[in-house]
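Beneath this line is the structure, given in structure tokens, with notes to follow.
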Amino acid sequence: EDGRLYLFYTGNVKLPGDYDYIDAGRISTQILVESPDGQHMSQKEKVLEMKDYPADITQHVRDPKVWKEEGRYHMVLGARRRAWKEDGERRDEGGVLVYSSADMHSWSLEREIFPKQYFGYMWECPDLFLMDGRLRLICCPQGVPRQEIDFANIYQCLSMEVLPDFEGGSWKVNLDSGFSQVDRGFDFYAPQSFLDEKGRRILIGWMGIPDAEYTNPTEADGWQHALTIPRVLSLKKGRLIQEPVPELMQLRDEIREFPSPEQFNKAGIRELVYELNAEFENCSSACLTLRDGAFLRYENGLLTLHLEKGGFGRDRRSVRLERLKKLRIFSDTTSLEIFVNGGEEVFTTRVYGEAGPLKIEGAGVRHIGFCRLNPISVISCLS
């Protein structure tokens, strides 16, 4: 703002000793650091401490998202609240705390957002924004059990509508309507969105997930994970839609069109970095080979991503569709981002290994577009 960076983050301290690190032994502090250039940083300033949170909130409070609206600053924080079931057994519940400030330094609690019914013990990485006049929350609940093909990852990323209660201090989340998984793949977590200069809401996710059983081979080299391509958000009948930003079309190289799977397969394409678009009509079953050992199968209304090679513990993730209409697939050297039916569903995953011949089999494939993708060029504005 005004040429200066204001960086908010959680200072999470775990004290040495015999603690549960839920009610004791953890200090969660929201910190502000300022910088004129992204290189030189001010002293850390504590803007929220444990004493500033509601009394029933545990020591798990983190992940500030800050924005300015109508001259005032707002911050959302993921939180874990002490709660008990009717039989007296403790069962903490996740939710979101909303703070506001006139100057970014002094903050006061404005709202609490919790679901009407229990849905996990901790909500991480909240992002709260207005879209089409509705209040939308994206967050990452922990402690949600798997339900067949739904909530298949250890932690989830969900989109939901917030129902304001202007007379009460606690707003509710309706899990019965406007509620969906943001991504169906193995590696998507902690997304954040922003408004760009065109008024579009752009979302970028972390292509990773904490505490997962699967791994990445680059961990042996001291690094892992990545970020997704930017996605434009919109709502369709109350459902969150994600589409790749149109600017990615500038990366296209050697665009090729195929009217049938037979002609596409005959081309013998072997690439790792590409964009593939496929359209379907009255499709009952199909199988796409995306690289060596990576397949996307559609059968009996179920679309499934299979990783038989290069998954390093990743196996399959699925979503049920009324019908398959179109696929838009972005493949990078170690990742796949698959947009289904115009962004109604998305699969994001890391995958490793060699390029294999790309293939499409099945009835109902009406058109296939393929192109190589040039690298994204990053231009730094920092001195």
Side-chain angles (χ1 to χ4, degrees), residues 131 138 149 152-153 157-159 180-189 191-193 200-207 226-237 239-252 255 257-258 264 271-281 283 286-291 294-298 301-307 314 316-351 358 360 362 364-373 376:
M131 180 169 283
I138 294 178
I149 63 172
N153 291 339
C157 182
L158 302 173
S159 167
S180 63
Q181 293 183 230
V182 178
D183 197 287
R184 294 281 180 164
F186 296 93
D187 299 275
F188 187 89
Y189 203 70
Q192 292 292 290
S193 71
R200 303 177 300 183
R201 183 154 294 276
I202 308 296
L203 179 140
I204 298 175
W206 174 36
M207 203 181 292
L227 296 177
T228 69
I229 58 176
R231 306 169 180 185
V232 181
L233 300 184
S234 61
L235 287 178
K236 181 180 179 181
K237 297 181 180 179
R239 183 179 184 85
L240 188 72
I241 304 296
Q242 304 172 73
E243 298 178 278
V245 292
E247 287 83 350
L248 289 170
M249 291 189 290
Q250 299 175 28
L251 304 178
R252 290 176 174 176
I255 300 174
E257 306 287 341
F258 301 91
F264 178 78
E271 297 285 348
L272 279 180
V273 183
Y274 62 84
E275 177 187 346
L276 187 150
N277 290 272
E279 298 179 3
F280 303 83
E281 185 177 345
C283 179
C287 179
L288 287 74
T289 302
L290 306 180
R291 64 176 66 194
F295 307 92
L296 193 63
R297 293 190 173 99
Y298 178 68
L302 196 68
L303 182 67
T304 302
L305 173 65
H306 292 259
L307 298 183
R314 300 164 178 86
R316 63 185 63 186
R317 292 289 184 266
S318 302
V319 67
R320 188 160 296 282
L321 305 175
E322 289 186 8
R323 58 176 176 157
L324 179 61
K325 296 177 286 187
K326 61 175 65 175
L327 293 169
R328 188 175 182 189
I329 300 169
F330 286 81
S331 174
D332 207 342
T333 51
T334 63
S335 68
L336 288 167
E337 295 179 67
I338 302 166
F339 296 83
V340 183
N341 291 348
E344 293 180 358
E345 300 284 357
V346 186
F347 292 80
T348 299
T349 188
R350 304 307 300 274
V351 60
L358 274 64
I360 298 181
V365 183
R366 289 292 172 261
H367 181 265
I368 303 163
F370 176 87
C371 60
R372 295 184 179 92
L373 293 176
I376 295 176

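Note: hydrogens, waters and symmetry copies are ignored here, and every other heavy atom, side chains too, is used. Since this is a predicted model, take the numbers as computed values, not measurements.
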message: Rounded to the nearest 0.5 Å, what separates atom OG in S318 from atom CG in L303?
response: 7.5 Å
message: Test salt bridge (Lys or Arg N to Asp or Glu O under 4.0 Å) on R231 and E243; report intermediate values, then the result.
response: CA-CA 5 Å; R231 306 169 180 185; E243 298 178 278; over 6 Å; no
query: Below 4.5 Å, heavy atoms only, C-beta onward: do L296 and I338 meet side chain to side chain?
result: yes
Under 3.5 Å donor-acceptor, R291 side chain and T333 backbone: yes
Side-chain ion pair, E247 and R200, N-O less than 4.0 Å: yes
statement: In L336, V340, I329, the residue satisfying side chain to side chain contact (heavy atoms under 4.5 Å, CB included) with F347 is V340
task: Would you mind reporting whether F258 and I360 have side-chain heavy atoms less than 4.5 Å apart?
output: no
Flag if over 12 foreign heavy atoms under 6.0 Å of NZ, K325: yes
query: Within a reach of under 6.0 Å around CZ of R316, are more than 12 heavy atoms found that belong to other residues, nucleotides or ligands?
result: no
query: Going by atom types alone, do D187 and T348 pair a side-chain donor with an acceptor below 3.5 Å?
result: no
- prompt: Atom CD in E337, atom CD in E275: separation rounded to 0.5 Å?
  reply: 11.5 Å
Any C157 side-chain heavy atom under 4.5 Å of P191 side chain: yes
message: Closer than 3.5 angstrom, by distance alone: can the side chain of Q242 be matched with the main-chain N or O of E345 as a donor-acceptor pair?
response: no
query: Rounded to the nearest 0.5 Å, how far apart are CD1 of I241 and OG of S159?
result: 10.0 Å
- request: Examine the side chains of R317 and T304 and answer whether a donor and an acceptor come within less than 3.5 Å of each other.
  value: no
query: Is the backbone of I202 close enough, under 3.5 Å, to the side chain of S193 for a donor and an acceptor to pair up by distance?
result: no
message: Between R239 and E344, does any side-chain N to carboxylate O distance fall below 4.0 Å?
response: no
Exercise: do R350 and S335 side chains pair donor with acceptor under 3.5 Å: no
query: Rounded to the nearest 0.5 Å, how far apart are CD of E271 and CZ of R372?
result: 4.0 Å
query: Side chains of F188 and V182: does their closest heavy-atom pair fall under 4.5 Å?
result: yes
Any donor-acceptor N/O pair, S331 side chain to L272 backbone, under 3.5 Å: yes
- prompt: Can you list the residues that meet the ring pair (Phe, Tyr, Trp, His ring centres under 6.0 Å) rule with Y274, with sequence neighbours excluded?
  reply: F370
- request: Quick one: pull up CD1 in I229 and CG in D332 and give me the separation to the nearest 0.5 Å.
  value: 9.5 Å
Under 3.5 Å side-chain donor-acceptor pair for E279 and N277: no
query: What is the distance from atom NZ of K326 to atom CZ of F280, rounded to the nearest 0.5 Å?
result: 11.5 Å
